[in-house]
Amino acid sequence: MSWIREGELNLIERLSANVLKAGPVPKHVAFIMDGNRRFARKKHVDRQEGHSQGFNKLAETLRWCLQLDIPEVTVYAFSIENFNRSREEVDGLMELAKLKFLRLLDERDKLEKHGVCIRVLGDLTLLPLDLQQLIAKAVVATREHNRCFLNVCFAYTSRHEMANAVREMAWGVEQGLIKASDVSEALLSECLYSSNSPNPDLLIRTSGEVRLSDFLLWQTSHSCLVFQSVLWPEYSFWNLCDAVIQYQCNHASIMKARELHQDEQRRQQLEADHACVAELLHHHGNGKPADGPRRQEAVAEYGLRREARVKDFLEALRNKRDSFLTQLASQATVA
């Protein structure tokens with residue numbers, strides 16, 4: 001099955017899509033594609049077939065998202081916790097992933113035609129080396145595309161992602177790129193695997209489970225969460241429409257919560273800058289407290305220097321990550 005399924009909606013679906021697009025449409029939707037194994041039991045097929053049908057449904061769902069003007073999708077493909085499943089199932093999932101990324105490389109022209117950028121979010125070092133190389137080759141081959149984005153969370157959990165972001169900031173401090181006082185909630189967000197993407201507007205979990213299972217915990221704090229009972233391989237266009245309607249019904253409150261959070265982040269950063277400047281003035285001043293204008297000028301100058309440090313650090317971090325992928329991709333034997 002292709003990663004990109006082409007085809008049009010039928011008349012009723014097109015009319016419904018146009019009605020939905022008259023209201024606010026999420027620009028980024030995340031899916032916990034749950035229910036593949038239960039689907040396999042229901043249909044009396046093996047688990048591998050259930051996972052394969054789940055991938056086929058992903059390709060179909062991506063087509064629906066594009067036709068609803070949803071340019072970015074993130075999916076939970078393989079949790080680090082899934083390594084605890086039976087050896088047979090894990091090996092089968094790794095083999096399925098290899099086949100699908102091989103197929104993706106065969107479809108590079110189609111992906112370029114549609115401008116699809118594939119990103120893989122997770123700790124690739126936990127995967128077999130040949131799969132790491134295939135994934136890196138696929139990511140590098142599509143990273144200049146910018147019309148729509150598919151983020152595949154593979155060998156991923158949110159807690160692992162946050163711990164890695166903390167390690168990245170510690171690396172920045174060790175390298176002298178940033179100061180310990182530059183570490184903030186906003187900077188941690190920029191160090192996550194998902195830093196190239198806006199936070200999801202809508203998160204959908206199928207199969208009736210009502211938990212996030214360590215998926216995008218940081219990024220979905222101000223997202224609309226929708227839990228649907230349908231098994232993932234049986235997901236339909238109408239299930240997606242229902243989720244978008246729930247997002248639209250809650251759009252105003254979601255936007256308000258985001259604005260308040262952004263205001264709070266700015267307040268905290270300004271407070272932190274004031275504290276750093278106060279300490280600097282105390283150590284380097286003449287013992288007299290700085291007057292208001294001088295203090296404000298010092299805070300503004302400190303903020304500019306901090307922003308420059310953070311910008312250079314994030315550029316170095318991007319280069320480090322890009323170099324890792326480029327080196328892996330160069331080792332791949334796939335033409």
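Quick note: residue numbers are just sequence positions, from 1. Nothing here was measured: the structure is a model prediction, and the numbers come from that model.
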Pairwise distance [atom1]([X]) to [atom2]([Y]) - rounded to 0.5 angstrom:
X: Phe227; Y: Gln246; atom1: CZ; atom2: CD; value: 10.5 Å
X: Lys98; Y: Leu127; atom1: NZ; atom2: CG; value: 10.0 Å
X: Asp34; Y: Gln228; atom1: CG; atom2: CD; value: 12.5 Å
X: Ser16; Y: Lys21; atom1: OG; atom2: NZ; value: 11.5 Å
X: Ser207; Y: Arg37; atom1: OG; atom2: CZ; value: 10.5 Å
X: Cys224; Y: Ile254; atom1: SG; atom2: CD1; value: 4.5 Å

Starting from [Y], can I reach [X] by hopping between I/L/V/M/F/W/Y residues whose side chains sit under 4.5 Å apart?
X: Leu150; Y: Tyr193; answer: no
X: Ile80; Y: Leu212; answer: no
X: Met33; Y: Phe149; answer: no
X: Leu202; Y: Tyr235; answer: yes
X: Leu58; Y: Trp238; answer: yes

Donor-acceptor contact below 3.5 Å, side chain [X] vs main chain [Y]:
X: Gln296; Y: Pro293; answer: no
X: Glu72; Y: Lys27; answer: no
X: Ser158; Y: Leu217; answer: yes
X: Arg108; Y: Leu105; answer: yes
X: Gln248; Y: Val25; answer: no
X: His145; Y: Val116; answer: yes
X: Thr206; Y: Leu231; answer: no
X: Ser194; Y: Ser197; answer: no

Candidate pair Arg205 and Glu209, rule salt bridge (charged side-chain N to carboxylate O under 4.0 Å, His left out), full reasoning: CA-CA 7 Å; Arg205 179 167 189 160; Glu209 295 290 345; 5.1 Å; no

Let's go through Val29 and Asp201 carefully: what are the C-alpha distance in whole Å and the side-chain angles of both, what is the deciding distance for side chain to side chain contact (heavy atoms under 4.5 Å, CB included) to 0.1 Å, and is it a yes or a no? CA-CA 6 Å; Val29 177; Asp201 299 302; over 6 Å; no

How close do [X] and [Y] get, counting heavy atoms only, and between which atoms?
X: Ala40; Y: Gly50; result: CB-CA, 4.1 Å
X: Leu270; Y: Val299; result: CD1-CG1, 4.0 Å
X: Arg258; Y: Ser223; result: NH2-OG, 4.1 Å

With Phe83, which residues qualify under ring pair (Phe, Tyr, Trp, His ring centres under 6.0 Å), at least two apart?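 So Phe83 forms a ring pair (Phe, Tyr, Trp, His ring centres under 6.0 Å) with Phe78.
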
Residues that His251 engages under ring pair (Phe, Tyr, Trp, His ring centres under 6.0 Å), provided they are two or more places apart: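 Residues passing ring pair (Phe, Tyr, Trp, His ring centres under 6.0 Å) with His251: Tyr247.
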
Just do the side chain to side chain donor-acceptor pair (under 3.5 Å) check on Arg143 and Thr326 with the steps written out, would you? CA-CA 11 Å; Arg143 65 182 170 191; Thr326 300; 3.1 Å; yes

Evaluate the criterion side chain to side chain contact (heavy atoms under 4.5 Å, CB included) for residue pair Leu240 and Cys65; output intermediate values, then yes/no. CA-CA 8 Å; Leu240 178 58; Cys65 287; 4.1 Å; yes

The complete set of ring-ring contact (aromatic ring centres under 6.0 Å, His included) pairs with one or both residues in residues 15-44, sequence neighbours excluded, reads Phe31-Trp232

Only pairs at least two apart or in different chains count here, so list each ring-ring contact (aromatic ring centres under 6.0 Å, His included) that has a residue in residues 200-226. Tyr76-Phe215, His222-His261

Residues Leu121, Val152; criterion side chain to side chain contact (heavy atoms under 4.5 Å, CB included); working and verdict: CA-CA 6 Å; Leu121 314 183; Val152 181; over 6 Å; no

Show, in sequence, the C-alpha distance, side-chain angles and deciding distance for Gln219 and Glu161, and conclude whether the side chain to side chain donor-acceptor pair (under 3.5 Å) test is met. CA-CA 11 Å; Gln219 297 90 333; Glu161 177 183 33; 3.1 Å; yes

CA sep, side-chain torsions, deciding dist, call: Asn239, Ser236, side chain to side chain donor-acceptor pair (under 3.5 Å): CA-CA 5 Å; Asn239 294 130; Ser236 74; 3.0 Å; yes

Is the [atom1] atom of [X] crowded by more than 12 outside heavy atoms at less than 6.0 Å?
X: Glu315; atom1: CD; result: yes
X: Glu301; atom1: CD; result: yes
X: Arg159; atom1: CZ; result: no

Side chains of Ile135 and Leu325 in contact at under 4.5 Å (non-hydrogen atoms): no

Given side chains that start at C-beta, do those of Gln48 and Glu89 come closer than 4.5 Å, heavy atoms only? no

Residues [X], [Y]: salt bridge by 4.0 Å N-O rule:
X: Arg85; Y: Asp91; answer: no
X: Asp322; Y: Arg318; answer: no
X: Asp263; Y: Arg266; answer: yes
X: Glu168; Y: Lys320; answer: yes
X: Arg147; Y: Glu112; answer: no
X: Glu264; Y: Arg267; answer: yes

In terms of side-chain heavy atoms, does Glu49 have a donor or acceptor partner in Gln53 at a distance below 3.5 Å?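 There is such a pair between these side chains.
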
Got a sec, which pairs hit salt bridge (charged side-chain N to carboxylate O under 4.0 Å, His left out) with one end in residues 302-311, sequence neighbours left out?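 Salt bridge (charged side-chain N to carboxylate O under 4.0 Å, His left out) check on residues 302-311 returns Asp182-Arg309, Asp273-Arg306.
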
So which pairs with a foot in residues 215-241 pass salt bridge (charged side-chain N to carboxylate O under 4.0 Å, His left out), sequence neighbours left out?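 Those involving residues 215-241 are Lys42-Glu234.
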
Sole residue of Leu216, Thr74, Val75, Leu203 in side chain to side chain contact (heavy atoms under 4.5 Å, CB included) with Ile32: Leu203

Under the salt bridge (charged side-chain N to carboxylate O under 4.0 Å, His left out) criterion, do Glu60 and Lys57 qualify, and how do the steps go? CA-CA 5 Å; Glu60 191 172 15; Lys57 183 56 62 175; 2.9 Å; yes

Evaluate side chain to side chain contact (heavy atoms under 4.5 Å, CB included) for Leu225 paired with Val210, printing each intermediate quantity in order. CA-CA 9 Å; Leu225 309 182; Val210 290; over 6 Å; no

